[in-house]
Every structure is written in C-alpha cells, then in structure tokens.
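For reference, the structure is listed below as structure tokens.
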2 protein chains.
Amino acid sequence: MNNTYPLIIVCAGAHQPSLYRLPEILAEYSEHFFIGVDRGALELVRANFPIDLGIGDFDSLAHREKLELQEKSKAWLEYPSAKDDTDTEIAFEWISQHYPQSDICVFGAIGMESRRLDHLIANLYLPYQPRFQDLFDHTYFVEENLRMAWYFPGDHILQAGPVLPDYLSVISLTPVKSLKIEGAKYNLASQDFDFPRALVSNEFIALNQPIHLSFKEGLILVIWMNEEERFV
Amino acid sequence: MNNTYPLIIVCAGAHQPSLYRLPEILAEYSEHFFIGVDRGALELVRANFPIDLGIGDFDSLAHREKLELQEKSKAWLEYPSAKDDTDTEIAFEWISQHYPQSDICVFGAIGMESRRLDHLIANLYLPYQPRFQDLFDHTYFVEENLRMAWYFPGDHILQAGPVLPDYLSVISLTPVKSLKIEGAKYNLASQDFDFPRALVSNEFIALNQPIHLSFKEGLILVIWMNEEERFV
C-alpha cells in the first residue's frame, strides 16, 4: 500500500499483546512509529521491535526494567502515577498532536488474560472522548483472536479479512439511527436503537462476500472474532 | 440476613465461573434459585449445585451433555440458536417475569478467560435495556478477582467488602450529572460528564472507611477489583 503517513503502532499494557501478528501488518506501510505504553514498552523490546516513544507512569515495572527501557527508547515521556488520564489516554493525546492522520494499530488494549476489566472498559471508551474521535476513524485494535474497528455515520463495506472469522459483532456505543446490515447471515432492516446495543454473533456468508453496514447517527464498534486463536 | 425473596444465582456461559465463591454468598439468604445459562448449567452441576432452571440454546454443549443436564434440571427452557436475544438476555427476561424483586448474583458473565469479548460487552450492556433496568438495582456480578454492581441516581455508600480491594473503578454507562466521589483516595467534586467515562484505579483508604458516591442523572457501574485472584 505504501501509505503516505507512517503507521503508528501502540503497544498498551495488557498482558500478552499479540505482537507476532505485526510483521504482516507492517508490510503494508513504508514507515512505522512504535509507541510503548507502560509495560507495553517492555513487550515491544521482548518481541525485538524498537521503541520510538515510551510513555506512561511505568508503575508496573521494576526500576531496573524501567532504566533499561528508557535507555533503549528514542524518546521517553514519564508521568506520575496519580494523574487524571490513563497511560493509554496520554498516548492517544500525544498521537492526536503529532500524527493525527496516521493509521493507528493498537496491541494489548483488551487483554482478556489481564485482570483489569476497568482498563479494558477505559480503552473501549476512548472513542467516546471528543479529543480522540477523529483518530478512531483510522484506528484498529488487534488481539490474538480478534480485530476491531470503529465506524462513524455513513455507508461502510466490511471485508471478512484473510480468513473467515467465526463471528462478526456490531456494537453501537451510542444510540443509533437507521442502522442497516446487509449481506450477512443475519441482516437488519433499517432500525433505530435508543440505547447502546450489542448485536453479537453475526457471520459472514463467505470470504468474498462483504457485509454492508450503514447508519445515519451514532458510533459503532465492529469486532471480527474467532473462538480460537487465529488472525482475522 | 434472611432476605424475604430468594437469591437468584445465574451462572452464565463464560469459562471458569468462580462458583467456589458461592457458599459465603448463599449464607446470607434463606432461599436460593439456580439458573444455568447455556454451558453455565454444566458448571453448576460440576460444582455440585442444583439447576432449578436450565435456559439457552445449549449450542456450546455436546448432545449427550445436554441430555444429562436436562435430566438433572428441575425446569428446562431451550431456544433455537438463531434468535434475537442472547441466552443471558433470555434468562434476565425470565427473571423479570418471575422474580423481579429478588437479589440476583451472576457468575460467568465477564469471563476474561473466554475469548468472547462481544459476549462480555453484551452482558455489560444489559442494564441499558429498559426491560432490565429495575433488576439492576439489585443485581451484582462476581468473578474471581472482582465484584461489580450498578447504581442509579442518588446517594450511595460503597463498602470495601471483606478485604480491601486493590482498586475501585467508577464507570459511567451514560452521561452523568453532578457525579461526586468522597472518602476515596482520589475524590471528585461535583462534575458533569457528557459521555460515558471510566474513572479507573481509585482506592479505598481503609476497610472501615466507605466511599460516598452520588450523582443526579445517569447510570453507573462500580467495580471492586484485585490484580490477583482474591474475593472482594
């Protein structure tokens, strides 16, 4: 693809981010910029990726680990742990100032193996914040068995991806107007929802048959997902 | 406590529900009613609890497992797998018709070990549905390292619980008016939020020092949480 802007890779602090998925993603961009958020910086180094910027309070790391990472990072922004923003919010704030038009690929933001449900929710809530909304038009999250992206009002084509996922779930984060799903196993004629609604367990019919998603107002999260670990 | 209504225990379908936590919860009620949702029914039987009602499409179970569970259940409601509601929604629908005033304790609804992020979100979204809202005034979820409950506008006192949790997170599911947090490590003077906001990683100061939470409009989820497995 050779996109004009560098791909921003964010590795957040959840355990076991699926960085082994990264090479095939990097192949689509000529330039990359790696941000390690809190212990995500450690995960980048462990997976032999560089840290262009380390960011966070780093309170989950031992002092020696922190010094070593700081040494290996091209830039380093350390904050006190008692602060209003989460480490990931600080990273998105930085991106919105420096790379507002780049694609953003986030690892370690969901972390079903981590025990921090509150962090998971805080990361799912990022697109609610007006300061980040423009970024979420070109941000996606990757975990070992899923990929997720956000959609704003309009007509959208959802492709299955390299393999057929077991499920596609369409989740409104807000009330929505005229939500329509076409070309899926379970279609939806134009419908309004007055509150956030999780339409789970939909399916693609075939690899080469995209699903059409459209709506007139609101914000939607789409999750491509497998029950087993497999790239989607 | 000897509450007037039976405690309704719902075991939903996520892997490894923390049913070993149940005996100390049951001790507070003179009567109980066990609902096994989908493979949650299997988990109840494995943990030597009865199934008063088995509910779901049971598509995650082998045919033989299903027959065995059906045999062991006092009542059984089986639905086709292609349906608008999730299995958990069907269970809450049933509760709202039969036990609308009972306390409801839900296991296996979050399942960080499961790979179904969409199910997790669908369960977090249950209180958005007008048909379930009255139930969530007296519903709580239990997982191995956390407990969560919902709050409607008013003044509330949050107790630490049997042990001091590492974190208390206050998460608004809607815009909120005049949200105030007092008596916590990080307090909040009355503040409005125009969109859902996750205020994570707050802390109790001491076991015997409750946190006061108040707000005038909106819906709030509170999570008592540990980083390690420990009852809170």
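In what follows, chains are A, B, ... by sequence order, proteins preceding strands, each numbered from 1. Keep in mind that what you see is a predicted model, and the values were worked out from it rather than measured.
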- prompt: If you round to the nearest 0.5 Å, how far is CD of Glu227(B) from CZ of Arg116(A)?
  reply: 5.0 Å
- prompt: Above 12 or not: heavy atoms from other molecules or residues under 6.0 Å from CG of Asp134(B)?
  reply: no
field: Atom group of Asn123(A) that falls short of 4.5 Å from chain B, counting heavy atoms
entry: neither
- line: Note: vs chain A, highest number of non-hydrogen pairs under 4.5 angstrom among Pro196(B), Ser81(B), Ala122(B), Pro130(B) is Pro196(B)
message: Any salt bridge linking Glu89(B) with Arg197(A)? Criterion: basic side-chain nitrogen under 4.0 Å from a carboxylate oxygen.
response: yes
query: Do you know the tightest heavy-atom contact between Tyr125(A) and Ala198(B)?
result: CD2-N, 3.6 Å
task: Against chain B, label Asp194(A) side chain, backbone, both or neither, depending on which of its atoms sit under 4.5 Å from a heavy atom there.
output: neither
task: Could you point out which residue of Asp118(A), Ile121(A), Leu120(A) forms a side chain to side chain contact (heavy atoms under 4.5 Å, CB included) with Val200(B)?
output: Asp118(A)
field: Asp85(B) portion near chain A, given a 4.5 angstrom heavy-atom threshold
entry: side chain
task: Under the side-chain hydrogen bond (donor to acceptor under 3.5 Å, both in side chains) rule, collect the residues that match up with Glu68(A), sequence neighbours excluded.
output: Lys72(A)
query: Are there more than 12 heavy atoms of other residues, nucleotides or ligands under 6.0 Å from atom CG of Asp192(A)?
result: yes
- prompt: Are there residues of residues 164-177 of chain A that reach to under 4.5 Å of chain B by heavy atoms, and which ones?
  reply: Tyr167(A), Ser169(A), Ile171(A), Ser172(A), Leu173(A)
query: Does any non-hydrogen side-chain atom of Glu143(A) lie less than 4.5 Å from one of Leu117(B)?
result: no
